[in-house]
A.B. asks: 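Here it is, the structure in full.
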Protein chains: 2
Amino acid sequence: MPWKDGTGPPWLHGKFKGCGYRMTIPRQGILDVLNETADHLSAEDIYHKVHGAYPSIGLTTVYRTLELLVHTGLVYRFDFGDGRARYELAEGPKSIGHHHHLVCTGCGRIIDYTDFIEEEIELLKQTEKGLTKKYKFRVTNHLIQFYGLCEACQGTG
Amino acid sequence: MPWKDGTGPPWLHGKFKGCGYRMTIPRQGILDVLNETADHLSAEDIYHKVHGAYPSIGLTTVYRTLELLVHTGLVYRFDFGDGRARYELAEGPKSIGHHHHLVCTGCGRIIDYTDFIEEEIELLKQTEKGLTKKYKFRVTNHLIQFYGLCEACQGTG
DNA sequence: ATTTATATTGATAATGATTATCATTTCCAT
DNA sequence: ATGGAAATGATAATCATTATCAATATAAAT
């Protein structure tokens, strides 16, 4: 599928219409599902939830729409190592809702954290600037995850 | 498979023997491959390379060994979004070789960078300390990737 | 309103990386 | 040597994701 926004900017820019895409029922439904949850949903999770409201929507469309949303920067795709991708509505790195993840390698639990972000954002901004200069790399997004053991898993040797 | 090092420390600690595992030909061969390259190899890449030296080694063993290596912390597994996992010999975050990745979402190219790490390490150390205190989460590793467009892909709208 | 070109959809099948199974072989401790 | 756990490798199974393709819906043009 040819992307219409090849040079488009990262977050929340020119949504669908601005990019030449149509805002359809399935797409709206999928965005609604993403907007109504704080969880980290897989494609199939989303499919099941959307299906409740619009039973005619197929899994293929969910995957396609997510691909589109990720590409346009409206949605983030994460990999926590359990073999299926997770999706979250994107909020720019400066936004209130922006968070990073703690991934428990024991039980797979994901903890969002938004604390300690202040200094991180500042450092990341500088780092991105340096990377842009040195590698001519235009950064549109970043991924930060901490791996380790959550409280419950530290006891179980 | 039951892990023998349930409470074991993260990096390069107590390698195989210390963990109760045997250092076998296949395992040595896989470690050699990982040690001799700076690339980001997939399981199948590794399989092919190991096969050159030891044709009897099967793909299953490669996967199993990588799983083991990742679990013991000797190897990192990365996901760059192209559907297959990549593996790198682990070096502790303080080590010289430690690097983060720039992932080009245009062509899939991966750029390692080790610059600007100094301040990052310092900040990460503080962040990890805070996370440990607040969430009782014992951090053993972190993942930082920047996504964007490499120089070559910025022209092609 | 009708036509026309294009976008979007959904059912199905295909792909491909990773895992499970299981019989066989290797290795260590006794 | 020998008993038993650990490790291996061939094969089949799993399962998330993609490709295919005919059918439908939409926007723009007439």
Side-chain angles (χ1 to χ4, degrees), chain A residues 1-5 14-31 33 40-72 74-75 77-87 108, chain B residues 1-5 15-31 33 40-48 50-72 74-75 77-87 108:
Chain A
M1 184 190 299
W3 301 115
K4 298 182 178 177
D5 65 335
K15 320 217 171 195
F16 275 94
K17 307 218 168 168
C19 293
Y21 298 112
R22 299 172 187 165
M23 179 53 74
T24 62
I25 302 286
R27 288 172 177 175
Q28 187 62 62
I30 289 166
L31 278 170
V33 165
H40 313 92
L41 302 178
S42 69
E44 199 160 356
D45 292 337
I46 295 166
Y47 168 69
H48 283 126
K49 286 188 184 266
V50 167
H51 222 252
Y54 308 98
S56 74
I57 296 173
L59 181 57
T60 301
T61 296
V62 172
Y63 272 105
R64 249 189 317 232
T65 302
L66 288 171
E67 183 192 14
L68 183 64
L69 290 167
V70 168
H71 186 87
T72 56
L74 290 172
V75 164
R77 173 171 55 207
F78 293 99
D79 171 73
F80 297 134
D82 65 346
R84 71 191 65 189
R86 308 300 176 120
Y87 300 85
Chain B
M1 185 190 299
W3 301 115
K4 299 182 179 177
D5 66 335
K15 320 216 173 195
F16 275 95
K17 305 217 170 169
C19 293
Y21 298 111
R22 298 173 187 165
M23 178 53 75
T24 62
I25 303 286
R27 288 173 178 173
Q28 188 63 61
I30 290 166
L31 278 170
V33 166
H40 313 91
L41 302 177
S42 68
E44 198 160 357
D45 293 335
I46 294 166
Y47 168 68
H48 283 126
V50 166
H51 221 253
Y54 309 98
S56 74
I57 295 173
L59 181 56
T60 302
T61 297
V62 173
Y63 272 105
R64 249 190 315 232
T65 302
L66 287 171
E67 181 191 17
L68 184 63
L69 290 167
V70 168
H71 186 85
T72 56
L74 289 172
V75 164
R77 172 170 57 204
F78 293 100
D79 171 74
F80 297 135
D82 66 344
R84 73 190 65 189
R86 308 300 176 122
Y87 299 85

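Owing to the predicted nature of the structure, the values given are computational and were not obtained by experimental measurement. In what follows, chains are A, B, ... by sequence order, proteins preceding strands, each numbered from 1.
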A.B. asks: Can a donor-acceptor pair be found, under 3.5 Å and without considering hydrogens, that links the side chain of B:T65 to the backbone of B:V62?
C.D. replies: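 Looks like no, no N/O pair under 3.5 Å.
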A.B. asks: Does C:dT8 have its OP1 or OP2 closer than 4.0 Å to a side-chain nitrogen or oxygen of A:R27?
C.D. replies: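 True: A:R27 side-chain N/O within range (under 4.0 Å) of C:dT8 OP1/OP2.
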A.B. asks: Listing time: all N or O pairs from protein to nucleotides 12-16 of chain C that are below 3.5 Å?
C.D. replies:
| residue | atom | partner | partner atom | Å |
| --- | --- | --- | --- | --- |
| C:dT12 | O4 | A:T60 | OG1 | 3.2 |

A.B. asks: What pairs with A:D45 under side chain to side chain donor-acceptor pair (under 3.5 Å), at least two apart in sequence or on another chain?
C.D. replies: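 Testing A:D45 for side chain to side chain donor-acceptor pair (under 3.5 Å), a comparison that skips the adjacent residues, returns A:S42.
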A.B. asks: Let me check something: any side-chain donor-acceptor pairs from residues 46-61 of chain A under 3.5 Å, sequence neighbours excluded? List them with distances.
C.D. replies:
| residue | atom | partner | partner atom | Å |
| --- | --- | --- | --- | --- |
| A:H48 | ND1 | A:E44 | O | 3.2 |
| A:H51 | NE2 | A:P55 | O | 2.8 |

A.B. asks: If you measure from CG on B:L66 to CG on B:L74, what distance do you get to the nearest 0.5 Å?
C.D. replies: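 The distance works out to 11.5 Å.
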A.B. asks: What's the CZ-P distance between A:F80 and D:dA16, to the nearest Å?
C.D. replies: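 Distance, rounded to whole Å: 17 Å.
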A.B. asks: Check side-chain contact (heavy atoms from CB on, under 4.5 Å) between B:V70 and all other residues, then give those that pass, not counting sequence neighbours.
C.D. replies: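 B:V70 satisfies side-chain contact (heavy atoms from CB on, under 4.5 Å) with B:V75, B:R77, B:Y87 once adjacent residues are dropped.
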A.B. asks: Are A:Y63 and D:dT18 close enough that a side-chain N or O sits under 4.0 Å from OP1 or OP2?
C.D. replies: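 No, because none of the side-chain N or O atoms of A:Y63 sits under 4.0 Å from OP1 or OP2 of D:dT18.
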A.B. asks: Go through residues 44-59 of chain A and report each residue with a non-hydrogen atom lying under 4.0 Å from DNA chain C, sorted by number.
C.D. replies: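 The answer is A:S56, A:I57, A:G58.
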A.B. asks: Return the minimal non-hydrogen interatomic distance between A:R27 and A:R22, and the atom names on each side.
C.D. replies: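 Distance-wise, the nearest heavy atoms are NH1-O, 2.9 Å.
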A.B. asks: B:R22 has an atom CZ; how far is it from atom P of D:dA5, in whole Å?
C.D. replies: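 Answer to the nearest Å: 11 Å.
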A.B. asks: Send over the distance from A:D82 CG to C:dT18 P, rounded to a whole Å.
C.D. replies: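 The distance from CG of A:D82 to P of C:dT18 comes to 13 Å, rounded to the nearest Å.
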A.B. asks: Using five base pairs at each end to define the local axes, how bent is the helix from C:dA1-D:dT30 to C:dT30-D:dA1, to the nearest 10°?
C.D. replies: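 Inter-axis angle at the termini of the helix from C:dA1-D:dT30 to C:dT30-D:dA1: 30°.
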A.B. asks: Side chains of B:H40 and B:F78, heavy atoms from C-beta outward: is any pair under 4.5 Å?
C.D. replies: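 The answer is no; the side chains never approach within 4.5 Å.
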A.B. asks: Rounded to the nearest Å, what distance is computed from the CG atom of residue B:L66 to the P atom of nucleotide C:dA17?
C.D. replies: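 For the pair B:L66 CG and C:dA17 P, the rounded distance is 14 Å.
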A.B. asks: For A:D79 and D:dA16, what is the distance between atoms CG and P respectively, to the nearest whole Å?
C.D. replies: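 Checked: the CG to P distance equals 13 Å.
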A.B. asks: D:dA25 P sits how many Å from A:M23 CE, rounded?
C.D. replies: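 After rounding, the reported distance stands at 19 Å.
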A.B. asks: To the nearest Å, how far apart are B:Q28 CD and C:dT26 C1'?
C.D. replies: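 Roughly 17 Å, once rounded to whole Å.
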A.B. asks: What integer distance in Å separates A:I25:CD1 from C:dG10:P?
C.D. replies: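 Distance check: A:I25 CD1 to C:dG10 P gives 11 Å.
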A.B. asks: Is any side-chain N or O of B:T24 closer than 4.0 Å to OP1 or OP2 of C:dT26?
C.D. replies: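 No.
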A.B. asks: Taking only residues two or more places apart in sequence, or in another chain, which ones meet B:R86 in a salt bridge (charged side-chain N to carboxylate O under 4.0 Å, His left out)?
C.D. replies: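 Partners of B:R86 by the salt bridge (charged side-chain N to carboxylate O under 4.0 Å, His left out) criterion, ordered by chain and then number, come out as B:D82.
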A.B. asks: For B:L69 and B:T72, which heavy atoms make the closest approach, and how far apart are they?
C.D. replies: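 It is O-OG1, 3.1 Å.
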